Amino acid sequence: MFNLAKMLIIFMYLTSICCFFISSQNVSSPQDILYTYEEPIDGLKLHDTHTLSKGTLMIWMTFDDDKDPSCMLPYFYLRLIERTGRITYINLNYTFPPEAVCPISMDFIPLNYNYIMVIYVKSNNGVKGKYGLIINYESEIINEIYLGNVNDYIIDSGRLEKGFIRIEEHDKKGATLHWLSIPDITTGKVVEHGSSEFIVPNQLSYTFVNSFNFNLIDGGIGYAYILKYDEMGSLATNDPNIQYWKIYVSFLREGTYLPTTPSLVYQTTTKLNSVVFNSCTYNNGVGYICIVSLNNTITNRNESRTEVNYYRLDFLTTGAFIQFDMIPKEISMDVFDFSSLIYGGFLVRKYYTNTTAMDFSILDNNGNYKSGGSFGPEFVHTNMFSRNGTLLGIKKQIGNKLEILLKPLLRLNNQGAEYDNPVIESTKPAIHEFIDSSINEITIKYAIPVRLSTANISIFQLNGDPYKPNLLRQTISGNSKLCTVGSDNHTVHIPIFRSSFNQPNASYHVIIDNNFVISQERNEPLLGINEETWMFSTKPFKAGQHSVSVTGSLRLNEEGSSKFLQSNQSEFFNNIIQAFSKIIPVDQQRITTNGKWKNDPTSPNKVLLSFTINEAKDAIEPNSKTIFDNLGTLVEKKGFTALSINEYTSLIDESASFVITQDYFGKYLPVIIISLVSLIILAILYFLARWKSPEGRNFAIFETALIMQDLAVDLTFTLLRVNNTPHLIVPNMVFLIVPLIVNFLLAINIFLSEVDTNPMFFTWVSELPTLLLPICAIFSSIDILAINTLTSNLFGLKVFSAPLSQRSRKIILWGSFINIFAEDIPQLIIQILYYNSVETYDLIPSLVLISGGLVIVNKLILRSYHAIVRWYHRRDKIRNFIRRLSAASIRSLRSNV
Ligand SMILES: *[C@@H]1O[C@H](CO)[C@@H](O)[C@H](O)[C@H]1NC(C)=O
Ligand SMILES: *[C@@H]1O[C@H](CO)[C@@H](O)[C@H](O)[C@H]1NC(C)=O
Ligand SMILES: *[C@@H]1O[C@H](CO)[C@@H](O)[C@H](O)[C@H]1NC(C)=O
Ligand SMILES: *[C@@H]1O[C@H](CO)[C@@H](O)[C@H](O)[C@H]1NC(C)=O
Ligand SMILES: *[C@@H]1O[C@H](CO)[C@@H](O)[C@H](O)[C@H]1NC(C)=O
Ligand SMILES: *[C@@H]1O[C@H](CO)[C@@H](O)[C@H](O)[C@H]1NC(C)=O
Ligand SMILES: *[C@@H]1O[C@H](CO)[C@@H](O)[C@H](O)[C@H]1NC(C)=O
Ligand SMILES: *[C@@H]1O[C@H](CO)[C@@H](O)[C@H](O)[C@H]1NC(C)=O
Ligand SMILES: *[C@@H]1O[C@H](CO)[C@@H](O)[C@H](O)[C@H]1NC(C)=O
């Protein structure tokens, strides 16, 4: 690549060539813009330009061949200057054959998104043919295809995303049209969608003279046939009613491959020399206007002269004739060009034979002069952005610099300027508005009464990368029944799927194809809205509730099911997951599968595939419930979303919805079993302990198990769950850490006071391996109760036979009571709050809560039992003491007596 900084120098400045000098109009006209394009490669010269309706200027640069001025060097360079000023440089590393460049037999057409096709002539085994080299904006060669005979010609279909057309003309018989697809996104392969034939109407004693084709704005081409009466051998030559010339038009639209029946739009009894079509342009909402020249020889007594007159022939897209009017002589002098302007009126351009200068004028719909101007002889090339009515002139190249002048034409009507469409009054949302993701419709208000037609309205999420296609959110055809026209006949309502605006802070644009609506008055297709025009963004979202993983199943249609069964199934799953992640769009990690599938019991020819939407790792990611719902919506509306375009996702059966299939007894079976088993073990331990040791000392192991379970639940919750609910993080930490510290301090206190006052304890400690002490300390800070284990005499081990004093046992007892209320119950409440604020579909939360509750209940029972035992113990002691006391006093009384 070239150094961007060096080559990207565009000087844009406004030249205030004031309206006073250009014309005497008092209508304020927008200002001209002059800018300079500097070509980074020395020696490249302007060859030609091409304008796209979205406002991109394509400049074809070539190296002259010094030896032969009619040739050029066999390379291809194209510069794309977008509306935003961004320049794309295409420098193709490819050497074209001599047949393509000497003489120049090369051209290019833009294809869909970043594809361009260079069309050139090449000899193969001595036979010249037409070839197409498909390249992209990154100067990569995608594919080379054979297009056909060298005399065939290639035109775009009027809608870049509808592919292109190869026309094969047959002498005197008509033409065959081959409708070719857009290049496949990965292989660049182009296939023929279909072909059709324009057959000359079979009219006795008429011969086909010529034809003319023109692009239709709704995709497709129009074909005009010129037929001439065949005088030879006819006896009726003197019949004054003979129509000497007839003009028919026929239309071919994508998808039908069957041209409409030719309709007669003009016929004349005058014996003209010739009838020639010069141009045909779309006349906003009223069909097409063709400029036809009639060459007539007028014989006046002994004098005869030949004159050529120009006419405009207007007809509707149904082939219905509107008018055939002569264009005034003062306009049709010299070489001229007459076209309809989108914003009303007509543009007449005049060219000269001795200079490159060009004059232009704007006429209103009645043909009255409104405004005009000219490009002087210093301009060597002119072109036009017809969509926004701007003429473009390029001055003679000086060195590497091209000066480009844009002259916006006078608009007779400036409505809908921001949409580049005068029939659009307003839209909701407006351009650049920030919208809520939950809106359920968008609307377009037209300036005239409309009806819905067959073309699509599509919404894309913009990715900001000119080399990548934008992400289709939804596309609805006007006649799909989903769109409606309001009772005012002006407003069109388009429903928005919940999955469409599912990204926060994202930019979207709506593309309305031409012929999405037709005018009510004439049923003629109306223009739509080009890309990157009706743009708006979503607001940042509020973080939604967290939700855990969710598993659901999707059904494949019959075709998909048989494909799935025949292919590598894990690869199939992978491909489908990849497509989901692009289309939803969501990180690929969020969608997984356990690879499970089964035949649908209700429809045995179809298979059900299982997918899991994994839970979000942080609050920025969308929650799994949202993703699940989005995917469900995409499936439900498959025909209107990108799912139907992808090779794999198009096999999904949209008649079965994406349903949650939480497989409790599969995925969670181990958890359930472990929980049940541990409950049973606990119960057994409990009764064993009770039965063996009525004093309850050997409850210690049971208690320790409880404590460990409690700790495991709390830690799991803290590490894996609580982050999903930011408002619970701090309380959770407080109720986790504060009790830890308190327990630790209590344990230290017990230890120090025991060491200090209890010689037996001291001996016990000094005989312990040193490593055990910190473990005991950590253990006891989890719950002071754990110290009980050390005194339990468990398994007769020395380590479990710490001789604790009564004071310490008391601290432990009351400390563990405090733990229940300061730690366990708050933790349980936090967990209840947590599971209330996240969406879950599984048993885990209930298990966690049940276990938390059990821990508390158990602790309470045990502690109360201990307390009661202690209390009884003490009461017995007091009783004994009293008994002993009374016995002693009785004895002493007796002895005294
Ligand atoms: C333009 O000026 C003419 C007279 O020069 C006047 O009749 C006409 O109303 C003016 N139009 C506008 C739009 O001001
Ligand atoms: C028309 O489109 C061209 C190319 O995008 C742009 O440079 C020009 O400013 C536009 N003119 C108007 C009047 O919008
Ligand atoms: C052009 O292509 C050829 C082979 O196709 C390659 O060897 C060469 O390096 C390429 N040149 C550049 C500048 O990319
Ligand atoms: C008109 O037709 C005559 C006779 O065919 C021909 O000589 C003449 O060149 C034509 N004029 C134009 C301008 O085509
Ligand atoms: C008719 O032709 C004759 C001679 O060829 C000429 O004198 C006469 O002026 C012509 N008439 C007209 C009306 O041109
Ligand atoms: C070009 O020809 C026209 C008449 O056809 C003439 O008025 C004009 O002066 C010529 N211009 C040049 C630059 O020769
Ligand atoms: C509308 O979109 C659908 C789906 O992308 C497509 O199949 C159809 O051809 C489109 N219709 C038109 C008229 O472009
Ligand atoms: C809308 O169009 C319908 C059918 O063409 C017509 O009956 C109705 O009166 C129109 N409504 C308005 C408000 O113009
Ligand atoms: C969306 O934009 C807002 C403000 O511009 C920003 O604070 C927020 O982080 C953005 N959110 C995302 C998901 O990019």
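Read the numbers this way: they start at 1 and go in the same order the structure lists the ligands and their atoms. Everything numeric here is computed off the predicted structure, so don't read it as measured data.
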*Asks:* Quick test of your reading of the model: are R305 and E307 salt-bridged, counting only N-O distances below 4.0 Å?
*Replies:*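 E307 and R305: salt-bridged.
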*Asks:* Can you name the closest pair of heavy atoms from F516 and I494 and give their distance?
*Replies:*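 Result for this residue pair: CZ-CG1, 4.2 Å.
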*Asks:* Please assess D230 against K228 for the test salt bridge (Lys or Arg N to Asp or Glu O under 4.0 Å), listing each intermediate value before the final yes or no.
*Replies:* CA-CA 6 Å; D230 192 0; K228 188 186 173 191; over 6 Å; no
*Asks:* At their closest point, which heavy atom of S480 faces which heavy atom of F640, and how far apart are they?
*Replies:*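 Looking at all heavy atoms of both residues, the closest pair is CB-CE2, 4.1 Å.
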*Asks:* Would K162 count as a contact of ligand 7 if the rule is a heavy atom under 4.0 Å away?
*Replies:*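 Heavy atoms of K162 do come under 4.0 Å of ligand 7.
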*Asks:* Can you sort out which atoms of ligand 8 are near N489, meaning under 4.0 Å from one of its heavy atoms?
*Replies:*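 Once the distances to N489 are compared, the set is 1 (C), 2 (O), 3 (C), 8 (C), 10 (C), 11 (N), 12 (C), 14 (O).
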*Asks:* Using 30° and 60° as the class limits, which term best fits the ring planes of F501 and F536: parallel, tilted or perpendicular?
*Replies:*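 Geometry flag for F536 against F501: perpendicular rings.
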*Asks:* Compute the minimum heavy-atom distance from S477 to ligand 7 and say whether it is under 4.0 Å.
*Replies:*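 Not so, S477 does not reach ligand 7.
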*Asks:* Is S487 close enough to touch ligand 8? Criterion: a residue heavy atom under 4.0 Å from a ligand atom.
*Replies:*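 Contact present.
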*Asks:* List ligand 7 atoms under 4.0 Å from R159, heavy atoms only on the residue side.
*Replies:*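 The list of qualifying atoms is 14 (O).
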*Asks:* Counting only pairs under 3.5 Å, give me each side-chain donor-acceptor contact of residues 213-224, with atom names and distances, residues two or more places apart or in other chains.
*Replies:*
residue : atom : partner : partner atom : Å
N213    : ND2  : Y153    : OH           : 2.6
N215    : ND2  : D156    : O            : 3.0
D218    : OD2  : R253    : NE           : 2.8
Y223    : OH   : E169    : OE2          : 2.6
Y223    : OH   : S211    : OG           : 3.3

*Asks:* Anything under 3.5 Å between an N or O on ligand 4 and a protein N or O? List each pair with its distance, or write none.
*Replies:*
residue  : atom   : partner : partner atom : Å
ligand 4 : 2 (O)  : N295    : OD1          : 3.0
ligand 4 : 2 (O)  : N295    : ND2          : 2.3
ligand 4 : 11 (N) : N295    : ND2          : 2.8
ligand 4 : 14 (O) : N295    : ND2          : 3.4

*Asks:* List every atom of ligand 8 that sits less than 4.0 Å from any heavy atom of Q520, numbering the atoms from 1 in the order shown and giving each element.
*Replies:*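 In order of number, 2 (O), 5 (O).
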*Asks:* Once you round to the nearest 0.5 Å, how far does OG1 of T318 lie from CZ of R522?
*Replies:*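 One finds 10.0 Å between OG1 of T318 and CZ of R522.
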*Asks:* May I ask you to decide if the ring planes of Y248 and Y225 are parallel, tilted or perpendicular, using 30° and 60° as cut-offs?
*Replies:*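 Answer is perpendicular, since the angle exceeds 60°.
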*Asks:* For atom CD of E192, decide whether the heavy atoms of other residues, nucleotides or ligands shown that lie under 6.0 angstrom number more than 12.
*Replies:*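 Counting neighbours around CD of E192, more than 12 heavy atoms of other residues, nucleotides or ligands fall under 6.0 Å, so yes.
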*Asks:* Please identify which atoms of ligand 7 are closer than 4.0 Å to at least one heavy atom of A455.
*Replies:*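 It comes down to these atoms of ligand 7: 13 (C).
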